[in-house]
Participant: 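Provided herewith is a single structure, encoded as structure tokens, for subsequent inquiry.
Counting convention: from 1, in listed order, for ligands and their atoms alike. Nothing here was measured: the structure is a model prediction, and the numbers come from that model.
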Amino acid sequence: MMTLLELKDVTAFYGPVQVLDGVSLSVPDGGAVGILGANGAGKTTTLRAISGSVRAGGSIRFDGRDIRGTRPDRVAALGIAHVPEGRGTLGDLTVRENLRIGAYMRRDRKAIAPDIDYCLELFPQLKNRITSAASALSGGEQQMLAVARAFMAKPRLLLLDEASLGLAPSTAKNVYDAIRRLREESGIAMLVVEQNANLAFELVDSATVLETGRSVLTGTSTELRDRDEIRRAYLGG
Ligand code: ATP
């Protein structure tokens with residue numbers, strides 16, 4: 001499979017403070033890759049380096065072109081949608097308005113209404129809330145909206161940060177089941193940061209483990225699930 005996204009020896013800084021020091025990973029076109037690691041390991045920062053919201057060094061290539069240092073709006077226009085930790089929906093706007101805004105850069109205007117219908121089929125809970133303000137939704141519904149809004153941009157790559165954060169286990173599973181279906185039906189590639197490795201391994205084909213800002217281990221989901229240190233650190237024994 002063609003490589004869609006490739007990071008080589010990526011570094012990143014908040015002001016003078018270096019928080020990434022050699023992150024390397026690649027996401028095949030249509031593939032799904034996880035990023036595992038302890039709190040503060042640099043998972044969120046890796047996604048920010050890709051989407052252009054933090055200063056980065058090293059090499060970041062998307063679809064054959066160097067995108068390191070590209071502004072976030074340009075990165076989005078190239079086909080990378082970022083669902084940040086904390087979801088980033090527009091609270092004062094309705095569910096429908098959030099979905100429409102997700103599609104604002106698209107030229108295929110006629111396909112937008114059917115894509116909204118698809119989102120509501122994927123996340124039926126959003127259907128009853130279509131005219132509600134995003135801020136009035138439950139945490140799970142907000143997460144669903146954040147994913148649906150990113151889908152509405154018709155990206156080639158989705159950056160997903162901690163989609164299970166703060167959700168009840170059954171809700172988190174619902175969200176991930178829908179994301180897996182979206183992956184299968186859309187072919188959108190995904191780079192997934194997730195504390196809950198059990199959920200992540202249901203979605204991704206492979207994963208990279210970060211330790212203090214550096215990639216230390218990469219393997220398929222099956223290989224990683226079987227390793228003792230991964231089980232101890234991320235799978236509860
Ligand atoms: P978590 O799961 O806790 O979000 P993470 O692996 O996603 O962890 P990052 O959020 O990428 O880790 O943070 C990496 C390091 O950068 C941490 O030491 C963190 O304290 C630091 N950091 C994060 N954001 C900032 C910021 N805006 N300014 C300064 N330092 C930051």
Participant: Would you name the heavy atoms of Gln142 and Leu137 that are closest together and state the gap between them?
Facilitator: NE2-O, 3.1 Å
Participant: Can a donor-acceptor pair be found, under 3.5 Å and without considering hydrogens, that links the side chain of Ser24 to the backbone of Asp9?
Facilitator: yes
Participant: Given 3.5 Å as the limit, does a donor-acceptor pair link the side chain of Glu194 with the main chain of Asn196, or not?
Facilitator: yes
Participant: Look up atom OG1 in Thr94 and atom CZ in Arg100, then write down how far apart they are to the nearest 0.5 Å.
Facilitator: 10.0 Å
Participant: Answer yes if the side chains of Tyr176 and Arg181 hold a donor-acceptor pair under 3.5 Å, and no otherwise.
Facilitator: no
Participant: What does the list of residues with a heavy atom under 4.0 Å from ligand 1 look like, ordered by chain and number?
Facilitator: Tyr14, Val19, Ala38, Asn39, Gly40, Ala41, Gly42, Lys43, Thr44, Thr45, Arg48, Glu85, Glu162, Gln195
Participant: Run Asp161 and Thr44 through side chain to side chain donor-acceptor pair (under 3.5 Å) and show every step you take.
Facilitator: CA-CA 7 Å; Asp161 200 349; Thr44 293; 2.9 Å; yes
